[in-house]
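Data first, discussion second: the structure below is written as structure tokens.
All figures in this text were calculated on a predicted structure; none of them were measured in a lab.
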Amino acid sequence: HSKTTQMQQDTISQVTPIMYGLDVNIHTNYEIYLDDIAIEKWYGNGLSSFIDLNPYLLSNGTHHIKLVLLPITTRED
């Protein structure tokens with residue numbers, strides 16, 4: 001019994017948390033949705049960034065990411 005418990009503890013200590021994220025390098029306006037919830041919106045010049053998805057993943061299973069590319073608009077004075 002003690003050998004089984006030790007093996008379970010060794011297995012638990014070897015588990016490495018998984019980090020899910022998106023590496024974004026887009027040169028237009030965009031919106032990113034995870035399971036239909038907006039997690040990032042950018043309406044400026046080109047952007048390169050990393051978005052950590054872990055805070056938004058509330059359950060195990062299948063998740064859906066949607067990227068919406070928007071036209072660049074110019075402001076007329």
D35 side chain to H64 side chain, donor-acceptor N/O pair below 3.5 angstrom: no
Between E31 and Y43, a side-chain donor and acceptor under 3.5 Å: yes
May I ask you to decide if [Y]'s main-chain N or O and [X]'s side chain share a donor-acceptor pair within less than 3.5 Å?
{"X": "N54", "Y": "I18", "answer": "yes"}
{"X": "T28", "Y": "P71", "answer": "no"}
{"X": "N29", "Y": "G44", "answer": "yes"}

Student check: side-chain heavy atoms of [X] and [Y] closer than 4.5 Å:
{"X": "Y33", "Y": "V68", "result": "yes"}
{"X": "L57", "Y": "L34", "result": "yes"}
{"X": "I51", "Y": "D23", "result": "no"}
{"X": "F50", "Y": "M19", "result": "yes"}
{"X": "L70", "Y": "Y30", "result": "no"}

Give a yes or no on whether [X] atom [atom1] has more than 12 heavy-atom contacts from other residues, nucleotides or ligands under 6.0 Å away.
{"X": "Y20", "atom1": "OH", "result": "no"}
{"X": "D36", "atom1": "CG", "result": "no"}
{"X": "L69", "atom1": "CG", "result": "yes"}

Nearest heavy-atom neighbours spanning L53 and G21: CG-CA, 3.8 Å
Atom pair CD1 (I37) and NE2 (H63), whose distance is rounded to the nearest 0.5 Å: 10.5 Å
